[in-house]
Enquirer: 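One structure follows; several queries about it will come next.
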Amino acid sequence: MLREYLLLPLLASYATAVQISVAKSGGNVTTSLQYGVMEEEINHCGEGGLYAELIRNRAFQGSTTYPSNLDAWSAVGGSALSLQNLSNPLSSALPTSVRVEGNGTSGLTNVGFWGIDVRPQKYSGSFYVKGSYKGSFIASLQSITNGEVFATAKVSSKSVADDWVQHDFTLTPKKTAPSTNNTFSLTFDASKASGGSLDFNLISLFPPTWNNRPNGMRRDLMQAMRDLNPKFLRFPGGNNLEGNSIDGRWKWNETIGPLKSRPGRATTWGYGETGGMGLVEYMEWCDDLGLEPILAVWSGLALNRQVVSKANIGVYVQDALNELEFLTGSVDTEYGALRAKYGHPEPWTIRFVEVGNEDSLNGGASSYKSYRFAAFYDAITEKYPDIQVIASTLDITLPGNAGGDYHLYDIPDNFVKKFNLFDSYSDEHPILLGEIAATEWNNGKGVDWSDTHFSLYPWWLASVSEAVFLLGAERNADKIIGTTYAPYFMNLDSYEWSPTMISFNANPDDTAKSTSWHVYSLFNDNHMTNTLPATSNSSFGPLYYATGLNNKTNSHIFKAAVYNSTADVPVSLTFEGIGRGTTADLTILTAPSGFSMNEVGGPNTVESQTTKIKAGKQGVFSFSLPNLSVAVLTTK
Ligand SMILES: *[C@@H]1O[C@H](CO)[C@@H](O)[C@H](O)[C@H]1NC(C)=O
Ligand SMILES: *[C@@H]1O[C@H](CO)[C@@H](O)[C@H](O)[C@H]1NC(C)=O
Ligand SMILES: *[C@@H]1O[C@H](CO)[C@@H](O)[C@H](O)[C@H]1NC(C)=O
Ligand SMILES: *[C@@H]1O[C@H](CO)[C@@H](O)[C@H](O)[C@H]1NC(C)=O
Ligand SMILES: *[C@@H]1O[C@H](CO)[C@@H](O)[C@H](O)[C@H]1NC(C)=O
Ligand SMILES: *[C@@H]1O[C@H](CO)[C@@H](O)[C@H](O)[C@H]1NC(C)=O
Ligand SMILES: *[C@@H]1O[C@H](CO)[C@@H](O)[C@H](O)[C@H]1NC(C)=O
Ligand SMILES: *[C@@H]1O[C@H](CO)[C@@H](O)[C@H](O)[C@H]1NC(C)=O
Ligand SMILES: *[C@@H]1O[C@H](CO)[C@@H](O)[C@H](O)[C@H]1NC(C)=O
């Protein structure tokens with residue numbers, strides 16, 4: 001929106017004007033990737049979220065924590081469903097299948113990840129079946145509410161008695177269903193099946209995906225991320241990487257290859273995952289959005305406080321090296337050849353590896369300091385000297401050029417109070433701000449970890465406080481590797497942690513970009529290649545800012561946020577060398593109140609106003625920023 005009223009003379013105000021003079025040199029080169037994305041299998045971020053699979057519990061996978069079950073499935077008509085561990089299963093990774101027994105029309109129905117989005121587009125499906133059957137299968141999408149059928153496909157049986165045979169089909173609805181309250185069904189005529197039963201496994205259905213990748217990602221969520229213009233992806237967690245036990249850790253080599261070779265596992269968030277969104281899918285996500293991968297490798301600590309001993313850590317170090325070879329090795333290497341076999345002969349480039357996650361917690365601190373981090377750091381830097389290794393904590397003496405990861409979940413006031421956190425930090429060991437979010441109301445204390453009733457969504461005051469903290473990081477853009485909000489996604493129908501950056505349900509039209517999304521988006525879209533020092537006649541607060549230059553566009557940049565002001569803050573801003581008459585764009589984000597939130601299915605509450613302003617006498621840009629606002633000024 002372009003509005004002119006900000007050009008009017010400033011309203012009388014009792015707030016003191018802030019004079020800021022930006023020098024033309026003396027700053028630092030921005031090495032920070034700045035804003036990225038954190039992936040963590042939580043809130044059905046991947047399964048039932050980004051991963052576009054529509055069928056929940058598609059392969060009846062059990063895990064160390066959760067037994068196989070029939071969640072999300074029900075029988076069609078009078079048929080009966082039972083889980084079976086057959087002597088010849090689909091694969092050793094998928095030992096359990098479902099037997100459908102019946103008379104006449106029989107089959108099974110899936111309710112999806114709390115609904116299935118049905119619209120006129122091509123859905124690609126497949127299933128494996130075992131058992132002799134001379135007839136057809138019917139795949140269909142229909143309404144739960146009134147049974148209306150939106151699409152059907154007749155699939156001629158190729159099935160045989162003693163082997164698993166895959167069948168493919170497509171479904172193309174002619175219209176958009178009125179809601180996502182729909183199911184997927186697969187039926188057959190049991191009277192034509194030998195013994196009146198058939199065994200099924202790996203029943204899958206995908207809508208069109210981002211870049212039309214098979215086994216790909218949900219388009220609307222990729223778009224919401226793309227719109228934010230992120231620069232890196234930290235994956236695969238987080239607690240998700242650590243696992244609830246040593247055996248429950250995220251194992252990279254169980255997430256690659258054909259889907260039927262992926263056993264799945266228990267996530268640390270109360271549900272199982274299929275392994276369908278694995279290591280290669282993460283890399284394709286990076287490729288598709290131009291993200292720098294920040295790969296986290298398992299460091300020998302699980303959430304149940306199990307720690308791998310010094311004598312045994314070598315096995316896991318080797319596993320991390322194997323993973324790096326899989327991603328970056330030539331096709332002549334053992335694991336590079338495996339990558340080629342799975343369709344990616346071209347190696348990827350990995351520049352950042354993080355060792356573990358939050359290793360200072362859960363009883364991990366002493367072993368991480370004494371041998372775990374060093375074992376990984378030494379082995380990785382020896383073989384890959386160009387890789388920036390990052391410790392998962394700053395609470396350790398960092399060797400060489402190692403970086404550290406800093407996480408901050410806090411109340412908004414504490415985000416603001418940490419504006420200058422990095423000013424006195426040396427640039428010897430760069431910092432990844434790997435998980436950042438204002439999660440709880442200003443309670444005068446800080447986060448109460450026993451109270452998980454955090455806000456469902458980021459709220460505007462919290463987002464402004466995050467902006468203040470981000471400005472502190474931008475002022476130190478030579479010391480920060482990158483910054484990401486966390487967690488990033490939440491399925492409103494099944495989640496463990498709020499608030500998050502982007503929230504959604506089964507209906508892509510309802511996806512909500514949070515108030516924080518708008519802050520990150522504005523800052524990302526106005527990247528400074530270099531910081532420039534500024535002097536002011538006033539100290540920081542209630543106005544906080546960072547100043548610099550984009551040397552590609554030769555634009556001078558001022559980024560700011562106002563928090564806790566009793567009135568609008570008048571600003572007189574000059575850039576050395578920028579004279580009277582120079583024009584600039586001033587974009588100001590505000591919201592109706594500090595409590596404004598962007599809800600799933602609701603409107604965007606963040607208002608963005610861009611105004612053209614002109615430098616006056618002595619090159620002064622004069623403008624005024626309201627309480628609880630975030631702003632960027634860029635010169636032309
Ligand atoms: C800073 O300078 C502005 C004029 O540019 C003036 O209005 C304001 O009072 C000064 N503030 C202080 C604290 O001196
Ligand atoms: C299948 O085997 C798993 C262990 O591998 C066991 O937990 C489960 O109960 C078995 N299921 C059936 C239906 O026999
Ligand atoms: C199929 O019909 C037979 C004979 O009437 C009956 O015994 C059996 O229980 C039926 N099966 C199912 C799944 O309804
Ligand atoms: C979906 O349909 C079921 C059955 O009619 C109903 O109980 C439920 O409330 C519906 N849910 C939504 C979100 O419409
Ligand atoms: C994964 O690698 C580990 C060794 O690092 C090995 O023990 C295991 O068998 C491998 N799993 C698969 C499925 O290849
Ligand atoms: C904001 O103002 C409140 C009330 O005066 C005060 O308690 C709080 O510390 C202030 N927060 C910051 C970050 O200055
Ligand atoms: C540039 O970096 C140095 C060292 O980290 C620091 O002292 C200085 O304040 C930085 N300059 C700016 C403009 O941030
Ligand atoms: C911009 O600054 C960077 C870092 O100082 C430098 O590498 C690059 O050459 C500069 N580009 C231009 C167009 O000045
Ligand atoms: C300014 O924002 C703070 C929160 O930072 C809020 O408590 C206060 O009421 C606001 N003041 C005005 C004048 O709007």
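Both counts, for ligands and for their atoms, begin at 1 and track the order of listing. Predicted model only: the values in this text are computed from it and were never measured.
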Enquirer: Please state which part of Asp423 comes within less than 4.0 Å of ligand 7, counting heavy atoms only: side chain, backbone, both or neither.
Expert: neither

Enquirer: Out of all atoms in ligand 7, which are within 4.0 Å of some heavy atom of Gly27? Include the element for each.
Expert: 13 (C)

Enquirer: Run the numbers for me: atoms of ligand 7, each under 4.0 Å from some heavy atom of Pro533, listed by number.
Expert: 13 (C)

Enquirer: In the protein, which heavy atom is nearest to atom 11 (N) of ligand 7, and how far is it?
Expert: Asn28 ND2, 2.9 Å

Enquirer: For Thr274, which of Glu47, Glu53, Gln61 qualifies under side chain to side chain donor-acceptor pair (under 3.5 Å)?
Expert: Glu47

Enquirer: Identify, for atom 5 (O) of ligand 5, the protein heavy atom at the shortest distance, and state residue, atom and that distance.
Expert: Asp319 OD1, 2.8 Å

Enquirer: Please indicate, with yes or no, if any protein heavy atom is found under 4.0 Å from atom 7 (O) of ligand 2?
Expert: no

Enquirer: Output the list of atoms in ligand 5 that are nearer than 4.0 Å to some heavy atom of Asn253, sorted by atom number.
Expert: 1 (C), 2 (O), 3 (C), 8 (C), 10 (C), 11 (N), 12 (C), 13 (C), 14 (O)

Enquirer: Return the closest protein heavy atom for atom 4 (C) of ligand 7 as residue, atom name and distance.
Expert: Asp478 OD2, 4.2 Å

Enquirer: Look at atom CG of Asn88 and say whether more than 12 heavy atoms of other residues, nucleotides or ligands are closer to it than 6.0 Å.
Expert: yes

Enquirer: What do you reckon, are the aromatic ring centroids of Phe235 and Trp285 less than 6.0 Å apart?
Expert: no

Enquirer: Using a distance threshold of 4.0 Å (strictly less than), state whether atom 2 (O) of ligand 7 has a protein heavy-atom neighbour.
Expert: yes

Enquirer: Does Lys636 pair with Asp585 as a salt bridge, N-O distance under 4.0 Å?
Expert: yes

Enquirer: Is the ring centre of Phe540 less than 6.0 Å from the ring centre of Phe419?
Expert: yes

Enquirer: Write out the residue and atom name of the closest protein heavy atom to atom 14 (O) of ligand 7, then the distance separating them to 0.1 Å.
Expert: Arg475 O, 3.3 Å

Enquirer: Between Phe200 and Phe188, how do the two ring planes meet: parallel, tilted or perpendicular, split at 30° and 60°?
Expert: tilted

Enquirer: Starting from atom 13 (C) of ligand 2, locate the nearest protein heavy atom and write down its residue, its atom name and how far away it is, to 0.1 Å.
Expert: Leu83 O, 3.3 Å

Enquirer: Is Asp359 paired with Arg372 through a side-chain N to carboxylate O contact shorter than 4.0 Å?
Expert: yes

Enquirer: So which heavy atom in the protein is nearest atom 10 (C) of ligand 2, and how far is it from that ligand atom?
Expert: Asn85 ND2, 2.4 Å

Enquirer: With a cut-off of 4.0 Å, which atoms of ligand 7 are near a heavy atom of Thr531?
Expert: 12 (C), 13 (C), 14 (O)

Enquirer: Salt bridge or not between Asp71 and Arg56? Use side-chain N to carboxylate O under 4.0 Å.
Expert: no

Enquirer: In this structure, is the centre-to-centre distance between the rings of Phe326 and Tyr335 below 6.0 Å?
Expert: no

Enquirer: Looking only at distance, does Asn322 have an N or O less than 3.5 Å from an N or O of ligand 5?
Expert: no

